[in-house]
Amino acid sequence: MTGLIAFREIVLKVHSRCDLACDHCYVYEHADQSWRARPKVISPEVIAQTASRLAEHARTHALPSVTVILHGGEPLLAGTARLRLVCEEFTRALDGIAALDLRMHTNGLQLSRRYLDLFAEFGVSVSVSLDGDRAANDRHRRFADGRTSHPLVLAAVDLLRTEPYRHLYQGLLCTIDVANDPVAVLDALVELAPPRVDFLLPHATWQTPPVRPDEAPDTYARWLLRVFDHWDRRGRPVPVRLFDSLFSTLAGGPSLTESLGLAPTDLVVVETDGNLEQVDSLKSAFEGAAATGFNVFDHAFDLVAAHPGVRARQLGLAGVSDTCRRCPVVRSCGGGLYTHRYKAGPDGPSGSGAPGNFDNPSVYCTDLRELVDGVEGRTSARASAPELSDPAELAGSQEQLTRDLLALLNDRRTGDSDWERAWRVLGAVERAGQAGVDALDAVLAHPFTRTWVMACLDPGQEDPDTPSAARRLTALAAAAVLRGGLDLPAEVAYRDGEVYLPTLGLLRLGEPGTEGRATLHAADGGYAVREEGRPEHRFGPAAGDARWQPVRTWSPGPDAAPVALEDLDPHRNCFARPPRLRLGAGEAEEWRGRLDAAWALLHASVPEFARAAATGLTTLTPLAGGPRTADWGEAGLHGPGALGVPYAAGVAETALALLTGRRRAGLQALTEVTDLYALDGEWQHPSPWRERPVPVSRLLADVHERVAVEAYRRATATAEPGGLDRINRALDRLSGAAELTSTGKRLVEQLRWELKAVDA
């Protein structure tokens with residue numbers, strides 16, 4: 001059974017009849033009428049066997065938790081004694097194996113304190129079906145004699161909202177009828193203060209399409225968007241799962257509901273007779289659509305997981321129609337609910353024996369497209385990550401990410417004394433006032449701090465408990481102490497006679513090949529070092545100590561912050577080509593001159609791009625060799641703010657390296673703190689610059705860089721024919737890419753505006 005999904009949720013039909021006669025009910029009013037032959041109430045034998053099967057399944061798949069939804073018909077008709085047996089059997093069977101989450105979906109008519117006392121005892125949460133105000137609810141949810149059910153449902157919800165039952169209140173389930181006033185429906189539901197509202201499209205297929213009074217293909221989308229607008233104006237007073245799911249998928253996250261998104265189903269239904277079935281809504285398609293041929297007495301749940309109908313709903317993107325695969329909103333709508341895709345075969349409707357298929361768009365296809373686009377259009381500005389347009393936000397998020405990763409690394413240590421001592425020093429620095437905070441921020445913002453942390457977290461690279469990891473942390477803590485001018489002793493462990501202090505420089509403490517320890521501290525505007533058996537001596541900016549090699553800097557302009565010319569940090573080898581060794585004084589000055597000339601060229605030719613390139617640039621590392629074709633500057637792996645530039649490049653090549661490298665680094669930094677796309681690689685896109693189709697990440701990176709290159713080449717009269725057209729074609733492709741999140745789409749729009757400025 002390898003490769004099969006595990007069922008984390010079962011729907012347990014505890015009663016197969018109902019005390020209402022709702023004319024939109026898929027169980028009683030749609031194609032599958034198998035309820036007529038089933039027992040009215042679930043037997044003790046089916047309860048016990050189902051609990052045993054679920055426990056077996058949870059143990060086999062090591063599931064941390066399972067959800068059991070008590071359903072019907074109307075589950076409360078089973079009575080308190082039978083429901084208590086259900087709760088007891090499942091609690092006993094799952095004890096010590098998996099956490100049990102018991103839930104119930106009910107029309108609420110029978111809900112009373114005796115039921116709620118039982119549910120409180122076993123933690124059974126309750127969702128109630130209610131279609132809105134009295135006019136909306138009475139349109140479908142009536143007794144068989146036509147009487148209204150609305151007052152009884154309100155009384156049930158009011159009871160559920162009171163103490164000591166309030167914690168059991170899970171939400172309201174509302175089936176949409178577009179004849180109802182969407183504003184009145186929402187207001188009525190919100191008045192009951194539900195923890196969540198679920199709006200449900202009425203089950204329909206291509207054979208029995210949904211009611212559309214105006215015959216428009218987007219009737220349900222327009223209704224839901226009116227709900228959304230009113231909900232938004234009211235300050236989103238309650239969670240609405242449909243809208244929350246769209247927010248999640250538009251931001252690159254998972255779907256939160258079975259009716260939308262590409263997540264595989266993990267649900268199985270157990271009928272009152274013990275038969276195992278697929279998702280219950282399939283009863284709307286044709287007689288027997290939900291059947292599997294299995295039951296709890298003779299078959300394990302894994303056999304159901306292998307059923308072709310179940311497997312078809314585990315395929316994600318591969319499980320939707322070709323039309324859906326080409327649709328830009330498929331990540332959010334997921335092709336719609338599986339049931340709603342059904343279309344009968346060529347021999348006629350399902351009743352004639354032609355089973356048909358589900359390889360179609362949803363019967364609500366236009367509604368879903370309009371709904372996704374409508375919600376995105378209304379929220380994209382707010383939903384887009386602020387890091388996209390605010391460099392300060394991006395820098396802050398990057399710094400926080402480094403802190404979080406360093407904290408994770410600390411959690412994984414195994415008690416190395418040097419590590420723990422250095423960690424305490426970092427804590428003391430942070431508590432030492434603003435000077436300490438600023439100093440710690442500076443060393444954590446050093447690009448190669450992140451590179452080192454990521455190497456330690458990679459199980460294939462550096463072990464966080466090895467001496468080398470602890471040595472780096474001691475050096476990091478010491479650098480913070482010195483930068484902050486703090487009177488704190490910081491012990492460092494050195495190897496090969498030297499210690500590199502991030503952002504400051506390299507201190508030689510012994511001969512090559514020697515190891516030892518030293519204590520560093522700030523002293524009179526400089527730095528001091530003490531070693532056992534040796535007198536204290538000063539080093540640093542003004543000490544003139546030959547054993548001290550400071551990090552050099554370069555300024556890209558009179559108003560710009562100095563940029564480190566980093567040729568000392570051992571973790572600067574995170575570029576695709578090797579770094580140069582320490583530059584001599586003359587080489588460093590010569591490189592500064594080329595950088596000055598390159599920066600002046602950029603400001604003269606593409607001033608807007610030059611200013612953007614300077615933002616966030618903190619560190620330049622000279623790389624060995626000259627520039628390679630179409631590969632000038634390099635962003636350092638996990639090194640935000642770092643850029644590698646070939647030392648041997650000329651002025652024009654260096655200018656292009658600064659420009660393209662910063663574009664790459666900026667995009668990399670953005671992708672590290674926000675999602676620009678999801679399901680990268682599921683689709684392949686033609687690229688104007690590559691022979692084979694590429695994933696969306698590659699196409700976006702190419703376009704992001706090419707816009708700046710095109711601007712530079714046009715300004716320097718080196719543009720290639722057709723360059724603008726190729727970029728526009730790639731942007732058009734990206735605009736229709738289903739992978740892009742709201743933030744990714746806004747980035748594409750930014751690139752369009754940049755390109756228009758280039759063309760102008």
Could you go through the side-chain contact (heavy atoms from CB on, under 4.5 Å) check for Thr379 and Phe247 one step at a time? CA-CA 9 Å; Thr379 61; Phe247 295 154; 4.0 Å; yes

Partners passing side chain to side chain contact (heavy atoms under 4.5 Å, CB included) against Ala385 (at least two apart in sequence or in another chain): Glu387, Thr674, Thr743

Using atom types as modelled and distance alone, determine if a side-chain donor or acceptor of Arg82 lies under 3.5 Å from a backbone N or O of Ile42. yes

N/O donor to acceptor pairs below 3.5 angstrom from side-chain atoms of residues 139-147, sequence neighbours left out:
| unit_1 | atom_1 | unit_2 | atom_2 | d |
| --- | --- | --- | --- | --- |
| Arg139 | NE | Asn180 | OD1 | 2.7 |
| Arg139 | NH2 | Asn180 | OD1 | 3.3 |
| His140 | ND1 | Asp23 | OD1 | 2.4 |
| His140 | NE2 | Asp177 | OD2 | 2.4 |
| Arg141 | NE | Asp131 | OD1 | 3.2 |
| Arg141 | NE | Asp131 | OD2 | 3.2 |
| Arg142 | NE | Asp138 | O | 2.7 |
| Arg142 | NH1 | Gly146 | O | 2.4 |
| Asp145 | OD1 | Arg147 | N | 3.1 |
| Asp145 | OD1 | Arg147 | NE | 3.2 |
| Asp145 | OD2 | Arg147 | NE | 2.8 |

Any donor-acceptor pair under 3.5 Å from Thr272 side chain to Val41 backbone: no

Scan Val178, Thr175, Val211 and name whichever one has a side-chain contact (heavy atoms from CB on, under 4.5 Å) with Pro202. Thr175

If the plane angle is over 60° it's perpendicular, under 30° parallel, otherwise tilted; pick one for Phe243 and Phe199. tilted

His105: which residues meet the ring-ring contact (aromatic ring centres under 6.0 Å, His included) condition with it, sequence neighbours left out? His71

Quick test of your reading: applying side-chain hydrogen bond (donor to acceptor under 3.5 Å, both in side chains), list the pairs with at least one residue in residues 150-166, sequence neighbours left out, ordered by first then second residue. Asp117-Tyr165

With salt bridge (Lys or Arg N to Asp or Glu O under 4.0 Å) as the rule and sequence neighbours excluded, what pairs involving residues 183-208 come up? Asp187-Arg234, Arg196-Asp198, Asp198-Arg241

Heavy-atom donor-acceptor pair, Tyr364 side chain to Tyr220 backbone, under 3.5 Å: no

Side chain of Asp214, backbone of Ala216: donor and acceptor closer than 3.5 Å? yes

Return all side-chain donor-acceptor pairs below 3.5 angstrom for residues 85-92, not counting sequence neighbours, or 'none' if the list is empty.
| unit_1 | atom_1 | unit_2 | atom_2 | d |
| --- | --- | --- | --- | --- |
| Glu89 | OE1 | Arg92 | NH2 | 2.8 |
| Thr91 | OG1 | Cys87 | O | 2.6 |

After noting the C-alpha distance and the side-chain angles of Arg378 and Asp229, does the key distance pass the salt bridge (charged side-chain N to carboxylate O under 4.0 Å, His left out) rule? CA-CA 9 Å; Arg378 288 160 166 79; Asp229 290 339; 2.6 Å; yes

If we ignore hydrogens and angles and just use 3.5 Å, is the side chain of Asp367 paired with the main-chain N or O of Ala221 as donor and acceptor? yes

Can you tell me if Thr208 uses its side chain to pair, donor with acceptor, with the backbone of Ala204 under 3.5 Å? no

Please identify each residue that fulfils side chain to side chain contact (heavy atoms under 4.5 Å, CB included) with Ala300, with sequence neighbours left out. Arg53, Glu56

How would you list all residue pairs meeting ring-ring contact (aromatic ring centres under 6.0 Å, His included) that involve residues 291-315, not counting sequence neighbours? His57-Phe301, Phe294-His299

Output yes when Glu271 and Lys283 qualify as a salt bridge under the 4.0 Å nitrogen-oxygen rule, no when they do not. yes

Would you confirm whether Gln49, through its side chain, and Val296, through its main-chain N or O, come within 3.5 Å as a donor-acceptor pair? yes

Step by step, work out the side-chain hydrogen bond (donor to acceptor under 3.5 Å, both in side chains) result for Thr265 and Gln314. CA-CA 6 Å; Thr265 181; Gln314 314 304 314; 5.1 Å; no

Basic-acidic side-chain contact under 4.0 Å: Lys13, Glu277: no

List the steps and the verdict of side-chain contact (heavy atoms from CB on, under 4.5 Å) for Leu116 and Leu159. CA-CA 9 Å; Leu116 289 174; Leu159 178 60; 3.6 Å; yes

Please check if any side-chain donor atom of Thr292 sits under 3.5 Å from a side-chain acceptor atom of Gln278, or the reverse. no

Listing request: all salt bridge (Lys or Arg N to Asp or Glu O under 4.0 Å) pairs with a residue in residues 248-262, at least two apart in sequence or in separate chains. Glu258-Arg313

So, Asp373 and Arg369, do they make that salt bridge, N to O below 4.0 Å? yes

Qualifying residues under side chain to side chain contact (heavy atoms under 4.5 Å, CB included), relative to Ser321, sequence neighbours excluded: Thr323, Cys324, Asp359, Pro361

Check: Gln170 and Val126 side chains under 4.5 Å, non-hydrogen atoms: no

Please check this pair: side chain of Arg341 against backbone of Gly335, looking for a donor-acceptor N/O pair closer than 3.5 Å. yes

Just by distance, do the side chain of Arg331 and the backbone of Leu679 share a donor-acceptor pair under 3.5 Å? no

Ring centers of Phe228, Trp231 separated by less than 6.0 Å: yes

With no hydrogens and no angle check, is any side-chain donor or acceptor of Asp680 less than 3.5 Å from a backbone partner on Tyr677? no

Could you list the residues that satisfy side-chain hydrogen bond (donor to acceptor under 3.5 Å, both in side chains) with Arg325, not counting sequence neighbours? none

Who are the side chain to side chain contact (heavy atoms under 4.5 Å, CB included) partners of Ser245, not counting sequence neighbours? Ser255, Leu256, Thr257, Leu260

